[in-house]
Structures are given as structure tokens and as C-alpha cells.
Amino acid sequence: MASITHHRDKKTGAIYVYSVESYWDKEKKAPRNRQTYLGRLDPETGEVIPSKKKGKVAERAAAAPGVTVSSRVAGPSLLLDVLTRSCGIGKLLKKCFPADHELILSLVHYIVHRGGALSGAEPWSAACLHPFGDVIASQRVSELLRRLSADERERFLSLWLEHVQEDDWLCYDITSVSSYSRHNEYTHFGYNRDGESLEQVNLAMLFGQNSGLPAHYRRLPGNISDVSTLRTTVKSLDFLGAGTLHLVLDRGFYSVANLDALFSRRHKFTIAVPAGRKWVEEILDKHCDSIASPANYLVTAGDEALYVTTEFHRWGKNNHRSWLHVFYNAERAAGAFDRFTRELIGYRDELLSGNPVEDHEEFYQRYLVVRETPKRGLRVDFNEDEVQRRRKKYSGFLCILSNKVKTAEEALDIYRNKDVVENCFDDLKNHLDMKRLRVHTAPAMDGRLFLQFLALVYVSMIRAATRPDEKLRHLTVREVMEEMETLVRIKYSKRYGEVLTETTPIQRRIMDVFGIELPA
């Protein structure tokens with residue numbers, strides 16, 4: 001690892017700056033240091049005045065006959081190359097795509113650096129350094145997207161999940177991605193989370209809480225409901241040999257069938273449970289009068305005051321062990337009832353549209369009154385007695401069920417940290433320009449989604465590295481890339497080699513945070 005050292009000239013008082021790299025000398029079997037002169041320290045500004053070596057190279061090359069000069073943007077590639085090595089993604093891509101891994105990495109560089117349609121990769125590849133090295137023609141991109149087979153992609157995702165997973169909690173969620181395609185069997189009209197009137201595909205994502213990295217994704221038909229995706233996702237991960245998963249799930253994925261499937265496959269989970277379920281209300285009835293006791297008082301890290309209690313619960317016919325953690329916040333009771341009201345309206349609309357959901361049957365029977373007459377047809381009203389009973393007795397409660405976490409405070413921390421996957425979706429659609437897919441065929445769409453997933457890994461790593469730094473935390477990923485754009489490699493023909501342009505203070509800060517060492 002390189003470090004910076006200063007040497008003062010006793011006669012002149014000038015301070016010279018060197019980069020010192022420690023290494024092991026195999027011949028002498030002893031540690032050694034290698035110093036590289038960087039320049040002189042400006043006594044007024046404290047900045048390093050670079051050496052004139054680069055200028056001398058340029059002067060000699062300019063004076064020599066027949067020497068040609070070329071330049072390419074180098075900064076973004078230097079940063080992304082460091083991330084490729086640090087996370088191990090380069091080795092896995094080479095293993096799964098031996099003939100295409102460099103082209104795949106270059107397109108991922110382009111998506112992270114510039115974003116936009118992949119047709120823009122051709123002029124970008126001519127101006128910037130990237131792993132593939134050559135200009136990437138649009139035809140080559142189209143061929144690659146069609147060539148990336150499902151077997152190759154699934155093999156990579158299996159190895160990547162194993163590489164990332166370890167003992168991490170994996171947040172599971174779904175987003176919709178709009179598409180202009182009219183000839184794709186996976187695009188359908190469905191619940192569009194961006195409010196767009198376009199056909200869409202759904203994208204299910206697993207995101208590691210501790211690693212801070214996307215771990216896995218699945219492409220799903222655009223008209224499939226969230227709750228029905230979990231069982232098929234778990235089955236596909238079992239098929240890939242994923243081992244025991246630790247899942248964090250929102251209440252939208254709660255169903256008896258889903259939890260039965262997780263228990264039967266011995267997966268661990270922490271999930272929010274709707275308070276309107278009868279078995280949950282039976283537990284709430286036991287604690288609603290006594291939960292607001294000083295003995296149950298908890299102040300969270302975010303300075304939120306809650307009353308909490310935990311009840312051991314046997315789940316299902318097989319009496320699986322689990323813990324229901326109950327949280328009460330009187331200030332949020334009104335908001336909780338408002339959310340419940342919106343859910344009820346959604347349940348009513350499901351019945352009126354003729355598209356009932358099996359997992360909502362309990363709510364239909366309890367909170368709705370369904371009538372059908374020859375003249376007025378189907379009519380759905382609210383059961384006001386049950387609705388008001390829910391408002392007065394069960395509003396303000398948050399219930400979290402887990403078959404691993406035994407303490408309420410830990411369960412709440414794990415559940416609330418699931419917003420990492422929501423931030424991940426925000427990056428995917430905004431920074432990585434995937435609000436709408438511009439590919440038409442299913443194979444090309446699958447290839448594009450795979451590239452977007454890889455790019456999301458890099459975006460997540462950049463965010464994780466810059467967030468703790470006071471000077472970089474306010475920069476977006478795109479702004480970090482733009483700051484590195486002015487670091488250019490100038491290459492001379494014949495024997496004159498190449499040099500990099502001088503670095504700015506913000507570039508040196510970025511290079512220090514990411515551990516980037518410029519080539520001598």
C-alpha cells in the first residue's frame with residue numbers, strides 16, 4: 001500500500017513530496033520501499049506542484065520528427081477498474097463469459113459513466129479508455145445482447161449471490177420498468193409504480209443490507225402481483241443452490257402460503273405483518289391495554305419513542321418457532337388508519353373489476369359487504385362496524401414477524417434498513433436511465449437488464465465509498481464520474497510512451513478514497 005512522505009531540503013527549505021510503496025523483496029527476503037517523486041509542496045496553498053517530467057516528455061516528443069499524439073479520457077476507467085478488482089466481479093465475468101467479458105465490462109463502464117441508450121457507446125468508446133480497448137460499434141452491442149444466454153447469466157448470478165451473500169440480510173422488493181416494446185411476451189399492462197400508461201416488465205431484486213450490493217435479480221411479467229412472486233423467486237434460488245437465505249420483506253409479500261414456503265425451505269425472514277389478520281389481532285388484544293407501560297418504552301436511534309413487546313408464536317400446523325414483535329406509536333395511529341383505508345379501497349376495486357386476489361379473501365369477508373342484484377348488478381360496500389373497530393383498537397401498531405430475530409429492537413433495525421433496495425431502484429431508474437426500456441425483443445431485453453444489474457453494483461460501491469467522506473458525500477455518482485473526466489491519457493508514438501495530465505484537488509481526493517494509484 002502506498003503512502004505519502006515529505007522531505008525538506010535543509011539548504012533551501014523546499015519540501016519535496018514522494019509516494020512510498022512497501023513491498024517484499026523475494027531475493028533478499030526482507031521488506032523494501034520504493035519511492036516515486038511527485039513534486040514540490042507549495043508553502044502557501046499546501047498543494048503539490050507536480051514534477052516537470054511530463055512536460056519534458058511532451059517537449060521531446062514535439063521536437064522529434066514523425067511523432068503522433070493521441071489522447072483518451074482515463075479517469076473514469078481508472079476508478080471503475082479499481083472497483084472491478086476489489087469486488088471480484090471481473091473474475092466471475094471472465095469465468096462465465098470468457099469470450100465477451102471485456103466487452104461486457106466496457107458497456108457497464110459506459111452505463112455508469114454516461115448512461116443513456118447503448119447506441120451512445122460507440123462515440124464514447126472512441127474517446128475513453130475501457131477494458132475492450134477498441135471502438136464498440138452499435139452492431140456489436142446488438143449482437144452481444146442477443147448472445148448472452150440465460151444459462152450464462154444464471155451461472156453468473158448464482159456465483160455472485162454466493163460471493164455476496166454470506167450471512168447478510170437480503171432485502172427483497174419489486175419495481176416496474178416501462179417499455180416501448182409491442183413484440184415482447186413479458187411486457188404487459190399492470191400496476192405501474194411510475195404512473196406511466198405503458199406496458200411494463202417487473203424486476204424483483206435482492207439487495208444485501210451489510211454488503212450494500214445488489215445480490216440477485218429476476219425479470220417477471222408486467223402483470224404479476226407482488227405477493228405471488230416470492231414463492232417462485234425462492235424456488236429459483238433453491239434451484240441455483242443458494243443455501244439458507246435471510247430475507248427482509250415488506251407487508252405486501254405477506255401471505256400464509258409465502259411464509260409456509262419459507263419455513264418449509266428453512267429460510268430465515270423478517271417481515272411486516274398486516275395488523276388486520278385475525279391471529280395478529282388476537283395477540284394485539286392481549287397487549288393493547290398494557291403495551292403503553294414505561295416498562296415497554298423504547299427510544300430508537302432516530303429518536304423515535306415507541307412502546308414494544310414481543311410474543312413467542314408457533315406458526316402453522318408444524319408449529320414452527322417464530323417471534324411477533326409489536327410496536328405501538330400513538331402519534332402515527334391516524335396515518336396507519338389512513339393507509340388501511342387506502343388498502344380497503346383497493347380491495348373493493350379488485351372485486352368491482354372482477355379480479356379478486358386469493359390472499360385478500362379474509363379482508364373481503366371481514367371488511368366488505370358484497371351484494372348482487374338483477375337491476376344494479378354487483379355492489380360492494382364497507383362493513384362500517386368492523387372498519388371503525390379496527391380504527392379505534394388496532395391503529396398505530398406495527399407488527400414484525402421473524403423466525404430468527406428474538407428482540408424487538410433488532411427486528412425493527414433490520415426491517416427499517418430495507419430502504420436500501422428502494423434507493424437501489426431509484427439509482428436504477430434515474431442514474432442508470434432505466435425508466436423505460438428501448439429494446440424490443442425478449443433476448444435483447446434480458447441482455448440489457450443484465451448489464452443494468454452489473455452497472456448497479458458499481459453505482460452501489462461508489463455510493464458506499466463516498467458517503468463517509470465529508471468532501472465527496474454531496475456528489476452524485478454521475479458528478480464523481482464527471483470530476484474524473486479531465487484526467488486524460490496522452491500517448492505518443494515511437495519510444496516516447498504516455499503520460500497522464502495533472503490531477504485536480506478533487507481528483508486527488510477521489511483517488512485517495514478509492515485507493516487509485518496512477519501508473520508511473
Side-chain angles (χ1 to χ4, degrees), residues 1-2 4 17 19 36 38-39 45 47-51 54 58 69-87 89-90 102 104-116 118 120-136 212-213 427 430-433 451-452 454-491 497-520:
M1 180 179 293
I4 302 298
V17 183
S19 172
T36 303
L38 301 179
T45 65
E47 295 184 1
V48 178
I49 302 173
S51 65
K54 297 176 183 177
V69 183
S70 62
S71 64
R72 299 180 82 174
V73 175
S77 180
L78 291 173
L79 190 156
L80 296 174
D81 284 344
V82 166
L83 297 179
T84 300
R85 292 190 296 269
S86 67
C87 74
I89 202 170
E102 290 181 337
I104 292 172
L105 275 175
S106 291
L107 290 175
V108 172
H109 278 212
Y110 163 72
I111 295 171
V112 177
H113 182 187
R114 292 285 174 82
L118 290 181
E122 184 168 353
W124 171 88
S125 62
C128 302
L129 292 181
H130 54 88
F132 186 67
D134 202 357
V135 175
I136 305 173
L213 296 176
D427 283 334
N430 296 312
H431 176 80
L432 299 180
D433 191 40
L451 294 179
Q452 296 291 141
L454 297 177
L456 189 59
V457 173
Y458 284 83
V459 170
S460 301
M461 287 191 288
I462 293 172
R463 285 197 184 282
T466 57
R467 191 177 297 115
D469 189 89
E470 292 183 0
K471 293 187 177 180
L472 303 183
R473 66 175 56 172
H474 302 297
L475 296 180
T476 65
V477 174
R478 186 61 50 78
E479 288 170 341
V480 172
M481 293 289 102
E482 290 173 352
E483 290 290 349
M484 294 298 291
E485 280 183 353
T486 58
L487 183 56
V488 177
R489 185 200 69 178
I490 302 173
K491 188 174 183 179
E498 60 188 44
V499 295
L500 292 170
T501 56
E502 306 298 346
T503 56
T504 65
I506 189 66
Q507 285 174 347
R508 291 194 289 273
R509 185 74 173 191
I510 293 172
M511 289 188 291
D512 181 57
V513 167
F514 287 91
I516 301 172
E517 297 181 12
L518 297 181

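Between A464 and P468, the closest heavy-atom pair is O-CD, 3.3 Å. In plain terms, the two heavy atoms of V488 and R72 that are nearest each other are CG1-O, 3.3 Å. Heavy atoms only, all atoms of each residue included: T501 and T486 are closest at OG1-O, 3.3 Å. When all heavy atoms of L80 and Y458 are compared, the closest pair comes out as O-CE2, 3.6 Å. Closest of all the heavy-atom pairs between M481 and V112 is CG-O, 3.8 Å. Minimum heavy-atom separation, V82 to F514: CG1-O, 3.2 Å.
The salt bridge (Lys or Arg N to Asp or Glu O under 4.0 Å) search around D469 returns R509, not counting sequence neighbours.
Here T504 contributes atom OG1 and M484 contributes atom CE; the two are 8.0 Å apart, rounded to the nearest 0.5 Å. Rounded to the nearest 0.5 Å, atoms CZ (F132) and CD1 (I104) are 11.5 Å apart. Distance check: R463 CZ to L475 CG gives 11.0 Å after rounding to the nearest 0.5 Å. In this structure, E482 CD and I506 CD1 are separated by 12.5 Å, a value rounded to the nearest 0.5 Å. Taking NE2 of H474 as the reference point, atom OG1 of T476 lies at 12.5 Å (rounded to 0.5 Å). Rounding to the nearest 0.5 Å gives a distance of 11.5 Å between CD1 of I510 and NZ of K471.
For the residue pair E485/H113, the side-chain donor-acceptor check at 3.5 Å is satisfied.
Residues D81 and L129 are not in side-chain contact: their nearest non-hydrogen atoms beyond the backbone lie 4.5 Å or more apart. L118 is listed as a side-chain neighbour of I111, based on a closest heavy-atom distance under 4.5 Å. Within the 4.5 Å cutoff, side-chain heavy atoms of I462 are placed close to those of L83.
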_Stepwise side chain to side chain contact (heavy atoms under 4.5 Å, CB included) check, E122 with I136_ = CA-CA 5 Å; E122 184 168 353; I136 305 173; 5.8 Å; no

*Please test I89 against V108 for side chain to side chain contact (heavy atoms under 4.5 Å, CB included), starting from the C-alpha separation and ending with a verdict.*
CA-CA 12 Å; I89 202 170; V108 172; over 6 Å; no

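Centroid-to-centroid, the aromatic rings of W124 and H130 come within less than 6.0 Å.
In this structure a side-chain-to-backbone donor-acceptor pair under 3.5 Å is missing from R489 to V73.
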